[in-house]
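What follows is a set of notes on a single structure, which appears directly below.
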Amino acid sequence: MYRFNEHDGRLDRSLEAVLMVMEAFDKHQKTFRLDIYGHSGDEIEIPFVSSSRPLTNNKERLDTLKKMAAHTQFSAAGDHTVEATRLAINEASKGVSDENFVIVVSDANFSRYWISPKDFAVLMTSNPNVNVFAIFIGSLGNQAKKLKEALPAGRAFVCLDNKDLPQIIQQILTSTLL
């Protein structure tokens with residue numbers, strides 16, 4: 001993520017997206033459970049925000065973003081999207097709630113790490129009690145567009161401009177109401 005940030009701003013967009021999500025959920029901590037995890041070439045599960053200890057102020061949000069950015073600079077190349085998504089689905093399915101969502105924010109660099117879009121599509125629909133979505137915030141060429149087309153309809157989005165993110169999140173959260 002760090003390496004390609006100069007190419008298409010994917011790290012910057014990821015941090016902005018996480019900040020928007022943290023701020024949007026700030027007033028709804030009793031209604032929604034928000035956990036934010038990352039992954040890298042080094043680790044499958046990197047906890048950044050825990051619903052058991054919600055962030056309460058701007059300083060904590062800034063510290064979280066700094067921690068995320070620092071991790072990308074010092075981690076080895078690699079990708080654990082599939083493993084991290086599987087863990088998130090399992091974790092989301094444990095709670096008692098009306099709806100469970102896993103939103104994967106990815107740079108769409110699947111081909112570099114031999115991640116099959118077909119296998120990821122199967123994973124996204126593996127648990128009927130968890131609604132899994134992918135938002136692709138980076139793309140080398142048309143990678144993100146191709147991935148979106150290969151995944152289940154309505155479950156993948158390309159967001160190369162963060163001004164589109166609030167609408168995408170709203171679409172995700174209202175998708176199960178129809």
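Keep in mind that this is a model prediction, so the values were computed, not measured.
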Check Arg53 with Glu60, please: is the shortest side-chain N to carboxylate O separation under 4.0 Å? yes
Please report the C-alpha distance between Arg86 and Glu83 in whole Å, then the side-chain angles of each, then the deciding distance to 0.1 Å, and finally whether the salt bridge (charged side-chain N to carboxylate O under 4.0 Å, His left out) criterion is met. CA-CA 5 Å; Arg86 187 173 292 114; Glu83 298 89 343; over 6 Å; no
Taking all heavy atoms of Ala17 and all of Asn162, pick out the closest pair and write down the distance. N-ND2, 3.6 Å
Please determine whether the number of non-hydrogen atoms from other residues, nucleotides or ligands lying under 6.0 Å from atom CD of Gln167 exceeds 12. no
Just wondering, more than 12 heavy atoms not from Lys67 lying within 6.0 Å of its NZ? yes
Can you find a heavy atom in the side chain of Ile135 that is under 4.5 Å from one in the side chain of Ile168? yes
Shared ILVMFWY cluster between Val132 and Ile115, side chains joined below 4.5 angstrom? yes
Are Leu15 and Val18 close enough that some pair of their side-chain heavy atoms sits under 4.5 Å apart? no
Atom CG of Asp164 and atom SG of Cys159: how far apart are they, to the nearest 0.5 Å? 5.5 Å
Any side-chain donor paired with an acceptor under 3.5 Å for Ser51 and Asp35? yes
What distance do Glu99 atom CD and Asn129 atom CG have between them, rounded to the nearest 0.5 Å? 9.5 Å
If you measure from the Lys or Arg side-chain nitrogens to the Asp or Glu carboxylate oxygens, is any gap between Arg13 and Glu16 under 4.0 Å? no
Mind checking whether Ile46 and Leu55 sit in one hydrophobic cluster, side chains of I, L, V, M, F, W, Y counted as touching below 4.5 Å? yes
What's the spacing between Asn58 CG and Met22 CE if we round to 0.5 Å? 9.5 Å
Closest approach of Phe133 and Gly154, non-hydrogen atoms and distance? CE2-O, 3.4 Å
side-chain contact (heavy atoms from CB on, under 4.5 Å) with Ser50: which of Pro54, Pro47, Ser52? Ser52
Rounded to the nearest 0.5 Å, what separation is found between the CD1 atom of Ile36 and the CE atom of Met68? 6.5 Å
Any side-chain heavy-atom pair of Phe136 and Lys145 under 4.5 Å: no
Hydrophobic clusters here meaning ILVMFWY residues chained together by side-chain heavy-atom distances under 4.5 Å, can you tell me if Val49 and Tyr37 are in one? no
Is Met20 reachable from Phe101 through a run of I, L, V, M, F, W or Y residues, each pair having side-chain heavy atoms under 4.5 Å apart? yes
Donor on one side chain, acceptor on other, Asn100 and Ser97, under 3.5 Å: yes
Step-by-step side chain to side chain contact (heavy atoms under 4.5 Å, CB included) determination, Ile89 to Leu123: CA-CA 9 Å; Ile89 292 168; Leu123 178 60; 4.0 Å; yes
Closest contact, heavy atoms only, Ile103 versus Ile172: CD1-CG2, 4.0 Å
For Val21 and Ile169, work out which heavy atoms get closest and say how close. CG2-CD1, 4.4 Å
Taking all non-hydrogen atoms of both residues, which atom of Ala121 and which atom of Ala150 are closest, and how far apart? CB-O, 4.2 Å
Rounded to the nearest 0.5 Å, what separation is found between the OG atom of Ser175 and the CG atom of Asn131? 6.0 Å
Under 4.0 Å between a Lys/Arg side-chain N and an Asp/Glu carboxylate O for Asp63 and Arg61? no
Measure the spacing between CG of Asn142 and CD of Glu149 and express it to the nearest 0.5 Å. 8.0 Å
Between Pro152 and Thr125 the two heavy atoms that sit nearest each other are CG-CG2, 3.9 Å
What class does the angle between the rings of His71 and Phe48 fall in, given that below 30° is parallel, 30 to 60° is tilted and above 60° is perpendicular? perpendicular
